[in-house]
Amino acid sequence: ASIRVCRRCCTKRSTRLRYINFQQAMDAERALDTMNYELIKGRPMRLMWSQRDPSLRKSGVGNVFIKNLDKSIDNKSLYDTFSVFGNILSCKVAHDERNNSKGYGFVHFETQRCF
């Protein structure tokens with residue numbers, strides 16, 4: 001296994017993104033199932049599969065915009081609410097610079113068949 005820490009090119013400071021390569025896909029699945037949204041230094045981890053094909057990431061297929069979210073909704077509760085509709089690749093509530101919810105978020109499903 002290996003871990004890559006992403007850094008800003010000018011400052012060399014961490015972007016807070018990490019890529020972890022597992023030797024077995026089963027280990028990656030277990031990490032997603034058991035560690036997603038666990039806290040590290042008071043902040044929840046967001047785990048997802050890496051999507052190397054930029055056309056799939058940018059196509060918007062399976063990406064849902066949700067607005068009028070209550071300010072108490074966090075990434076985990078958004079994930080838990082929408083996971084009944086299909087496999088979620090990523091899920092995020094938008095926040096301002098003070099970490100307050102902006103009242104909207106995105107859920108990216110594996111396929112558009114979830115709708």
Side-chain angles (χ1 to χ4, degrees):
S2 66
I3 298 174
R4 179 177 164 244
V5 176
C6 298
R7 299 188 180 276
R8 299 190 191 286
C9 62
C10 299
T11 64
K12 303 298 183 202
R13 292 185 64 177
S14 170
T15 63
R16 296 187 182 166
L17 294 175
R18 311 289 191 267
Y19 288 93
I20 302 172
N21 293 310
F22 291 89
Q23 291 181 349
Q24 303 291 323
M26 176 179 59
D27 295 333
E29 288 279 357
R30 189 171 63 244
L32 281 166
D33 291 341
T34 62
M35 299 184 72
N36 209 5
Y37 303 108
E38 288 292 315
L39 297 179
I40 294 181
K41 294 188 177 185
R43 295 181 59 103
M45 288 188 291
R46 223 178 59 154
L47 304 177
M48 64 189 87
W49 292 105
S50 174
Q51 182 54 260
R52 291 179 172 249
D53 184 347
S55 66
L56 292 175
R57 284 195 315 265
K58 295 176 183 178
S59 72
V61 172
N63 203 17
V64 179
F65 172 76
I66 299 103
K67 64 180 183 174
N68 298 325
L69 291 175
D70 188 87
K71 301 293 183 182
S72 67
I73 301 294
D74 62 4
N75 293 333
K76 180 166 179 22
S77 56
L78 188 65
Y79 181 92
D80 290 345
T81 301
F82 283 88
S83 64
V84 298
F85 298 106
N87 189 29
I88 294 175
L89 299 176
S90 69
C91 179
K92 184 173 185 176
V93 174
H95 291 89
D96 64 18
E97 61 280 347
R98 292 186 175 156
N99 206 30
N100 297 316
S101 172
K102 290 184 173 183
Y104 66 89
F106 300 90
V107 178
H108 190 180
F109 289 98
E110 186 173 34
T111 68
Q112 67 183 32
R113 289 192 192 128
C114 301
F115 316 105

Would you mind writing out the side-chain donor-acceptor pairs for residues 40-48 within the sub-3.5 Å range, not counting sequence neighbours?
unit_1	atom_1	unit_2	atom_2	d
Arg46	NH1	Cys91	O	3.3

Using distance only, find each side-chain donor-acceptor pair of residues 22-34 under 3.5 Å and give its atom names and separation, not counting sequence neighbours.
unit_1	atom_1	unit_2	atom_2	d
Asp27	OD1	Arg30	NH2	3.3
Thr34	OG1	Arg30	O	2.8

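Rounded to the nearest 0.5 angstrom, Arg4 CZ and Arg18 CZ are separated by 11.0 Å. Remark: His95 NE2 to Tyr104 OH distance equals 10.5 Å, nearest 0.5 Å. Expressed to the nearest 0.5 Å, how far CG of Asp80 lies from OH of Tyr37 amounts to 8.0 Å. Rounding to the nearest 0.5 Å places OG of Ser90 at 6.5 Å from CG of Asn63.
Under the rule for a salt bridge (Lys or Arg N to Asp or Glu O under 4.0 Å), Lys102 has no partner lying at least two apart in sequence or in another chain. Applying the side-chain hydrogen bond (donor to acceptor under 3.5 Å, both in side chains) test to Asn68 and every residue at least two apart in sequence or in another chain returns nothing. The side-chain hydrogen bond (donor to acceptor under 3.5 Å, both in side chains) search around Thr11 returns none, not counting sequence neighbours. Here Asp74 pairs with nothing under the salt bridge (Lys or Arg N to Asp or Glu O under 4.0 Å) rule; sequence neighbours left out.
Across every non-hydrogen atom of Gly105 and Leu69, the tightest pair is N-CD1, 3.7 Å. Here the closest heavy-atom approach between residue Phe82 and residue Ile88 is recorded as C-CD1, 3.8 Å. Considering all non-hydrogen atoms of both residues, Phe109 and Leu89 come closest at O-CD1, 3.9 Å.
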*Are Phe85 and Val64 close enough, and set up right, to give a side-chain contact (heavy atoms from CB on, under 4.5 Å), and what steps lead you there?*
CA-CA 12 Å; Phe85 298 106; Val64 179; over 6 Å; no
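Met35 is not connected to Tyr79 by any chain of hydrophobic side-chain contacts under 4.5 Å among Ile, Leu, Val, Met, Phe, Trp and Tyr, and they are in different clusters. Linking Ile, Leu, Val, Met, Phe, Trp and Tyr residues whenever their side-chain heavy atoms come within less than 4.5 Å places Ile73 and Val84 in a single cluster. Cluster membership check: Val93 does not share its hydrophobic cluster with Leu17, using side-chain heavy-atom separations under 4.5 Å among Ile, Leu, Val, Met, Phe, Trp and Tyr.
In the displayed structure, Tyr19 atom OH is contacted under 6.0 Å by at most 12 heavy atoms of other residues, nucleotides or ligands.
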